[in-house]
Novice: 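Sharing a structure here in structure tokens format.
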Amino acid sequence: MKNKLSLLLVSFFLFSCAENKQVTEQQTTFCNPMNLDYGWGCFQKREKKARTAADPVIVLFKDKYYLFTTMDIGGYRVSDDLITWKDVYFNPEIHASALDIDHYVAPAVAADDNYVYFINFTRDRSKKKVDVIRSADPENGKWEKCGEVRRMADPCLFIDDGRFYFYYGLGAEQSTTFFEVNPETFEEIEGTKKVLREYITDVKECTSGYHFGRRELYDEIDASAWMGKFEKIPCPEGAWIVKNNDKYYLQYATPGTICNWYCDIVMESDSANGGFVEQPYNPVSLKVGGFIGGAGHSCVFKDKYGNWWQATSMWIGNHDEFERRIGLFPVSFDAKGRMRTHTVLGDYPMLLPQKKFEPQDISAFGWMLQSFNKACMASSSLSGFEPEKAADENVRTWWSAESGNAGEHFVMNFGKKVQINSVHYHAYKLYTSNDGHTWKLLADKSGNKTAVPHEYLELSKPVEASYMKVENVHTPKEGKFALLDLRVFGSGYSDKPGQVKELSVKRNQKDGRYASIAWNKASGADGYLVRFGYQPDFLNQCIQVKGNETTELLLHILTKGVKYYYRVDTYNDSGITEGNVISE
């Protein structure tokens, strides 16, 4: 059943205007997951049954961005603005160096002033060495071999003041390892190889609970059913390093890509080749709850204006457990040198200004979700794929019509007049209405011929409406017309939700990796943002709780010996109300 469904994801934004067909030509906002023409990779079998991409690397070279991703299109992408991407493919002469038949996995990619360098992590264990290829013209896919290095799992190439360093390591029995190479020949410099992070042999001995949950904690945001039962050793992987203000930040991902809790851990040092210490504010990147989760195996890079960004792996796991997408989040380094990836409400729209800006939480942008749990109707529905599944803010459920015929449609009733601004899709027509009977055409994508699994349409002018309808024109590959979610953002013209005033936290005395947190039910809330961190001014962790009924959680990702501070914010279709910070 699942393999026959053609999935179409829609996200919208609401503002106030009466005009139709207001799709902007110069997009300035975007919504995670990124709208890419994801390839059809699959780890487990040669059967290609799921669009996927993961383990992203973005490099800036000669004023253009280049994006490389695992098990994707077998090439890479180029962009001028991080929003619109064009596919590029390697020249045939170096296919054997770049690809495992038709794809690659977790490559090392880096750039200096002259070249972009690429090193594939081949899964062919018989190979002791792999080729290093480079390009002075990656926009046109022209590459050449320039050396060889040892075969590495999840390699990272870091170029610092003309010196070339490698970091690598994947899996429960591999450490994060470092060595330096000659930048002219790529020959390993003798005596430079060293272990920077020891591997984990027993999950029960981990100091931090963020190592829990590999292939165990799937959709859950609460660990109550798992306390004391985690057994799988985590899979630390995906080394990545950046330098900021003469300090080095080395990341790795844990506990494993197949769960919402996939995150990045950061270690800091004053040197590129050792002395790295894990930080008390870890994880540095975490996205749990909401529409889509996961924020691990990432790259952190500077854009052409000097802003820091993180490209990361986000998990779906519908058609294959390794079905993943790419997310993009702003990153900041504060005056104390603390690194932060801003993922709060990280699947809501955000502004991507083409200029220098101050990073902040995505939620500060202000377009709020209008579609959660709204009344939905459809022309037809398959059993188990009812209309309400397209309004539940869960990427792992969806509505499906009984066919892919033109005219199949889906209608969402907001229950009131709201404001609208943007959209995701294939070949379709999008309408709005104030009464559910008379419809105005908002966008006509009947002629769309491009694969856009997460199309995001930004409206140049806002629109007011009480209803929205998506009508099928064409569904590809004889699939059924379906929606993961019809996600509508803007303003609901409501009051902001009430404040959480009764917040309590109980740290587990026997196992400090756990804490129970409870709060009062707040009026007018669509959900809660459970925020916590090691300092009251650095509540960098957030778990999004959908709905108004859940008012307690068992946290499992804390670090023994670290004191935490907590705050619970409320959110609805018109804004966020901050709670008060408490300590344990």
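Since we're looking at a predicted model, the values are computed, not measured.
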Novice: Check this for me: does any side-chain nitrogen of one of Lys247 and Asp270 sit under 4.0 Å from a carboxylate oxygen of the other?
Specialist: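 So Lys247 does not pair with Asp270 through a salt bridge.
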Novice: Is it true that His556 and Phe230 have ring centroids separated by less than 6.0 Å?
Specialist: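 Centroid distance His556-Phe230: below 6.0 Å, so yes.
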Novice: Got a sec, which residues hit side-chain hydrogen bond (donor to acceptor under 3.5 Å, both in side chains) with Lys232, two or more places apart in sequence or on another chain?
Specialist: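 With neighbours one apart ignored, the set is empty.
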Novice: Ring-plane angle category for Tyr571 and Tyr348, please: parallel below 30°, perpendicular beyond 60°, tilted otherwise.
Specialist: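 The rings of Tyr571 and Tyr348 stand perpendicular, inter-plane angle above 60°.
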Novice: Carefully, step by step, assess Ile517 and Tyr564 under the rule side chain to side chain contact (heavy atoms under 4.5 Å, CB included).
Specialist: CA-CA 12 Å; Ile517 181 169; Tyr564 287 85; over 6 Å; no
Novice: Nearest 0.5 Å, please: how far is CD in Gln499 from CG in Asn520?
Specialist: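 Asn520 CG to Gln499 CD: 9.0 Å, rounded to 0.5 Å.
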Novice: List the atom pairs, donor and acceptor, that lie under 3.5 Å between side-chain atoms in residues 283-290 and the rest of the protein, sequence neighbours left out.
Specialist:
| residue | atom | partner | partner atom | Å |
| --- | --- | --- | --- | --- |
| Ser285 | OG | Ala295 | O | 2.9 |
| Ser285 | OG | Gln310 | NE2 | 2.8 |
| Lys287 | NZ | Gly289 | O | 2.6 |
| Lys287 | NZ | Ile292 | O | 2.8 |
| Lys287 | NZ | Asp347 | OD2 | 3.0 |

Novice: Can you list the steps and then say if Glu549 with Lys521 is a salt bridge (Lys or Arg N to Asp or Glu O under 4.0 Å)?
Specialist: CA-CA 7 Å; Glu549 299 304 316; Lys521 183 177 177 179; 3.0 Å; yes
Novice: Which value, rounded to the nearest 0.5 Å, describes the distance between Ile582 atom CD1 and Arg567 atom CZ?
Specialist: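 Interatomic distance, Ile582 CD1 to Arg567 CZ, rounded to 0.5 Å: 12.0 Å.
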Novice: Could you check Leu553, Thr550, Val545 and say which one makes a side chain to side chain contact (heavy atoms under 4.5 Å, CB included) with Tyr528?
Specialist: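 So the option named by the test is Val545.
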Novice: With rounding to the nearest 0.5 Å, note down the distance linking OG in Ser271 to CG in Leu196.
Specialist: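 Going from the OG atom of Ser271 to the CG atom of Leu196 covers 9.0 Å.
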Novice: Yes or no on ring pair (Phe, Tyr, Trp, His ring centres under 6.0 Å) for Phe333 and Trp308, after CA distance, side-chain angles and deciding distance?
Specialist: CA-CA 9 Å; Phe333 296 88; Trp308 288 99; 5.2 Å; yes
Novice: Under the side-chain hydrogen bond (donor to acceptor under 3.5 Å, both in side chains) rule, collect the residues that match up with Tyr565, sequence neighbours excluded.
Specialist: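 Per chain and number, Tyr565 pairs via side-chain hydrogen bond (donor to acceptor under 3.5 Å, both in side chains) with no residue.
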Novice: If you round to the nearest 0.5 Å, how far is CG of Asp102 from CG of Asp72?
Specialist: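 So the gap between those two atoms works out to 11.0 Å.
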Novice: Assess, by modelled atom type and distance only, whether the side chains of Thr122 and Asn120 contain a donor and an acceptor separated by less than 3.5 Å.
Specialist: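 Looking only at side-chain atoms, Asn120 and Thr122 do not form any donor-acceptor pair under 3.5 Å.
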Novice: Compute both the distance and the angle, then confirm whether Arg340 meets the cation-pi test with Phe538: under 6.0 Å from the six-membered ring centre, within 45 degrees of the axis.
Specialist: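 Yes, Arg340 sits over the ring of Phe538.
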Novice: For Ile258, check side-chain contact (heavy atoms from CB on, under 4.5 Å) against everything at least two apart and list the hits.
Specialist: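 With sequence neighbours excluded, Ile258 shows a side-chain contact (heavy atoms from CB on, under 4.5 Å) to Arg215, Tyr218, Trp315, Glu321, Phe322, given in chain and number order.
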Novice: Please tell me whether His211 and Thr254 have a donor and an acceptor in their side chains that are separated by less than 3.5 angstrom.
Specialist: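 Thr254 and His211 do have a side-chain donor-acceptor pair below 3.5 Å.
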Novice: First locate atom CZ of Arg396, then atom CD of Glu323, and finally report the distance between them rounded to the nearest 0.5 Å.
Specialist: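 One finds 9.0 Å between CZ of Arg396 and CD of Glu323.
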Novice: Report the C-alpha distance between Thr176 and Tyr199 in whole Å, list the side-chain angles of each, state the deciding distance to 0.1 Å, and finish with yes or no for side chain to side chain donor-acceptor pair (under 3.5 Å).
Specialist: CA-CA 8 Å; Thr176 299; Tyr199 64 86; over 6 Å; no
Novice: For Tyr167, give me all partners under ring pair (Phe, Tyr, Trp, His ring centres under 6.0 Å), at least two apart in sequence or on another chain.
Specialist: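 Only Phe178 meet the ring pair (Phe, Tyr, Trp, His ring centres under 6.0 Å) criterion with Tyr167.
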Novice: With a 4.5 Å heavy-atom cut-off, do Asn508 and Arg513 have their side chains touching?
Specialist: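 No, side chains not in contact.
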Novice: Could you tell me whether Asp526 and Lys546 have a side-chain N and a carboxylate O separated by less than 4.0 Å?
Specialist: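 Salt bridge absent between Asp526 and Lys546.
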Novice: Please determine if Arg507 forms a cation-pi arrangement with Tyr514, meaning its NZ or CZ atom is less than 6.0 Å from the six-membered ring centre and no more than 45° off the ring axis.
Specialist: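 Verdict for Tyr514: no cation-pi partner in Arg507.
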Novice: Would Trp309 and Phe329 count as a close aromatic pair, with their ring centres under 6.0 Å?
Specialist: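 That pair fails the under 6.0 Å test.
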Novice: Indicate whether any N or O donor in one side chain lies under 3.5 Å from an N or O acceptor in the other, for His297 and Thr312.
Specialist: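 Their side chains do not contain a donor-acceptor pair, so the 3.5 Å distance test is not met.
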Novice: Considering only heavy atoms from C-beta outward, does the side chain of Val242 approach that of Val300 to under 4.5 Å?
Specialist: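 Yes; the side chains approach each other to less than 4.5 Å.
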Novice: Run the salt-bridge test on Glu393 and Arg487 with the 4.0 Å N-O cut-off and return the result as yes or no.
Specialist: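 So Glu393 pairs with Arg487 through a salt bridge.
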Novice: Under 3.5 Å, is there a donor on one side chain and an acceptor on the other for Gln279 and Tyr534?
Specialist: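 Side chains of Gln279 and Tyr534: no pair found under 3.5 Å.
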Novice: Quick test of your reading: applying salt bridge (charged side-chain N to carboxylate O under 4.0 Å, His left out), list the pairs with at least one residue in residues 550-560, sequence neighbours left out, ordered by first then second residue.
Specialist: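 Salt bridge (charged side-chain N to carboxylate O under 4.0 Å, His left out) check on residues 550-560 returns no pairs.
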Novice: Do Gln541 and Tyr566 pair up side chain to side chain, a donor and an acceptor below 3.5 Å, judged on atom types alone?
Specialist: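 Note: Gln541 and Tyr566 side chains miss the donor-acceptor criterion.
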Novice: Are side-chain N/O atoms of Glu237 and Tyr262 paired as donor and acceptor at under 3.5 Å?
Specialist: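 Yes, because at least one side-chain N or O of Glu237 sits under 3.5 Å from a partner of the opposite role on Tyr262.
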